[in-house]
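For reference, the structure is listed below as structure tokens.
Numbers restart at 1 for each chain; the letters A, B, ... are given by sequence-line order, proteins then strands. Hydrogens, waters and symmetry mates are skipped; everything else that's a heavy atom, side chains included, is used.
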Protein chains: 2
Amino acid sequence: MKMQNFKYEGSGLNRFFGPLEAKIMEILWTTPLEMTIKDVQQKLDKAKVINFNTVMTVMNRLVDKGILQKKLVVRSFMYKPVVTRDEFMETQSKELTFDLIEEFGSLAVTHMVDALDKVDPELLDKLEQQIKQLKKDR
Amino acid sequence: MKMQNFKYEGSGLNRFFGPLEAKIMEILWTTPLEMTIKDVQQKLDKAKVINFNTVMTVMNRLVDKGILQKKLVVRSFMYKPVVTRDEFMETQSKELTFDLIEEFGSLAVTHMVDALDKVDPELLDKLEQQIKQLKKDR
DNA sequence: TCCTTACACTACAAATTGTAGTTGGGGGTA
DNA sequence: TACCCCCAACTACAATTTGTAGTGTAAGGA
């Protein structure tokens, strides 16, 4: 269930998935229960109904990619994400952070402080604490 | 000349470009002069010669994307990157760092220290300095 | 005038993603 | 029992991206 890309465009799940895939994952991750294709289909934009087969195809591709799992229950399949949304975000942020540092090293560090300051200055303190913590632990 | 994706796979320019594109950019960026298609073609793997038209198509697509510029000189076009490799890396690292922080916030911060420690511990000091610097400036 | 050279145009394949039609099996209902 | 409906599987097609390469064409030199 290795992601391929981190997209520059979009936000949230759209960074990792296609638009329809993202909507589907959003639904699966904000519903505590396993869901059938029909369940998901009905939760998608009521304005523009999406064909049942379309939803099925996309969901089964997500299964193929190891992102969803399906289980036969009585007459229909129940789908649910293999990992929780938190686990997913955790994995992605870890992966990307490492890749970023590996790829850009000091260049990334240079922008890091700037980015933190602009997006959420409190994170600067958090980062500072973590550095101190690490140094103490050694 | 907006990049689309940052790929999890590969390294260096392969994170941003297809394999042939990456090789071509590598050549263009490590040669101080403007080059013709033929120049580039001859610098690509001598083992497996790549068709002139193939190189031309890919290079012209890079022009369309705003990554290369071409200029008619006498009878043939000269190609060169629109920005230097350093500028490119600078832009990408900035963009990605911001996106990472925007998207993951404190989650990214948590992994940051870990990543720096594993990849290049000296960057930890650098980061610490930069935080101090910023705080002083305000 | 003819040929070489280099560019333009066109096309195709594989992969990804969105879209949807057709088929078929299995179970419930008349 | 006969039939129908639901849902899953299979198939297909379009657009996009990237790699690949053939054909057409124009311009300059021999």
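- Between Lys7(B) atom NZ and dT17(D) atom P there is a gap of 12 Å when expressed in whole angstrom units.
- A 4.0 Å heavy-atom criterion places the boundary nucleotides of DNA chain C facing chain B at dT5(C) to dA11(C), written 5' to 3'.
- Taking hydrophobic clusters as Ile, Leu, Val, Met, Phe, Trp and Tyr residues chained together by side-chain heavy-atom distances below 4.5 Å, Val58(A) does not share a cluster with Val49(A).
- Here Glu21(A) lies in heavy-atom contact (under 4.0 Å) with sugar-phosphate atoms only.
- Take the nearest nucleotide of DNA chain C for Phe77(B) and for Lys65(A): the residue whose nucleotide is more 5' is Phe77(B).
- One atom, OH of Tyr8(A), and another, C1' of dT17(D), lie 17 Å apart when rounded to the nearest Å.
- Among the atoms of the strands shown, only primed sugar atoms or phosphate atoms (P, OP1, OP2) are found under 4.0 Å from some heavy atom of Lys70(B).
- Proximity of Phe98(B) to Asp114(A): side-chain heavy atoms (C-beta onward) are separated by under 4.5 Å at one or more points.
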(request) Determine, for nucleotides 21-30 of chain D in 5'-to-3' order, which nucleotides have protein heavy atoms under 4.0 Å from the base (write B), from only the sugar-phosphate (write S), or from neither (write -). (result) BBB---BS--
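- Using a 4.5 Å heavy-atom threshold, the side chains of Gln69(A) and Lys80(A) count as touching.
- One interatomic measurement links the two molecules: CZ of Phe16(B) to C1' of dT18(D), which rounds to 18 Å at whole-angstrom precision.
- In this structure the side chain of Thr54(B) reaches within 4.5 angstrom of the side chain of Leu20(B), judged on heavy atoms.
- Residues Gln42(A) and Val55(A) have side chains not in contact (no heavy-atom distance under 4.5 Å, counting atoms from C-beta outward).
- Using a 4.0 Å cut-off between a side-chain N of Lys or Arg and a carboxylate O of Asp or Glu, Lys135(B) and Asp125(A) qualify as a salt bridge.
- Between the CG atom of Asn5(A) and the C1' atom of dT17(D) there is a distance of 11 Å, rounded to whole Å.
- Regarding Glu9(A), its CD atom lies at a distance of 16 Å from the C1' atom of dT17(D), rounded to whole Å.
- Using a 4.0 Å cut-off, some side-chain N or O of Asn60(A) falls inside it from OP1 or OP2 of dA9(D).
- For the pair Met59(B) CE and dT17(D) C1', the interatomic distance rounds to 19 Å; values are reported in whole Å.
- For the residue pair Glu90(A) / His111(B), a side-chain donor-acceptor distance below 3.5 Å is found, with atom types taken as modelled.
- Below 30°, between 30° and 60°, or above 60°: for Trp29(A) and Phe88(A) the angle between ring planes is between 30° and 60°, a tilted geometry.
- Between Asp39(A) atom CG and dC6(D) atom C1' there is a gap of 14 Å when expressed in whole angstrom units.
- The environment of Lys94(B) atom NZ is sparse: at most 12 non-hydrogen atoms of other residues, nucleotides or ligands sit within 6.0 angstrom.
- One interatomic measurement links the two molecules: CZ of Arg61(A) to C1' of dT11(D), which rounds to 11 Å at whole-angstrom precision.
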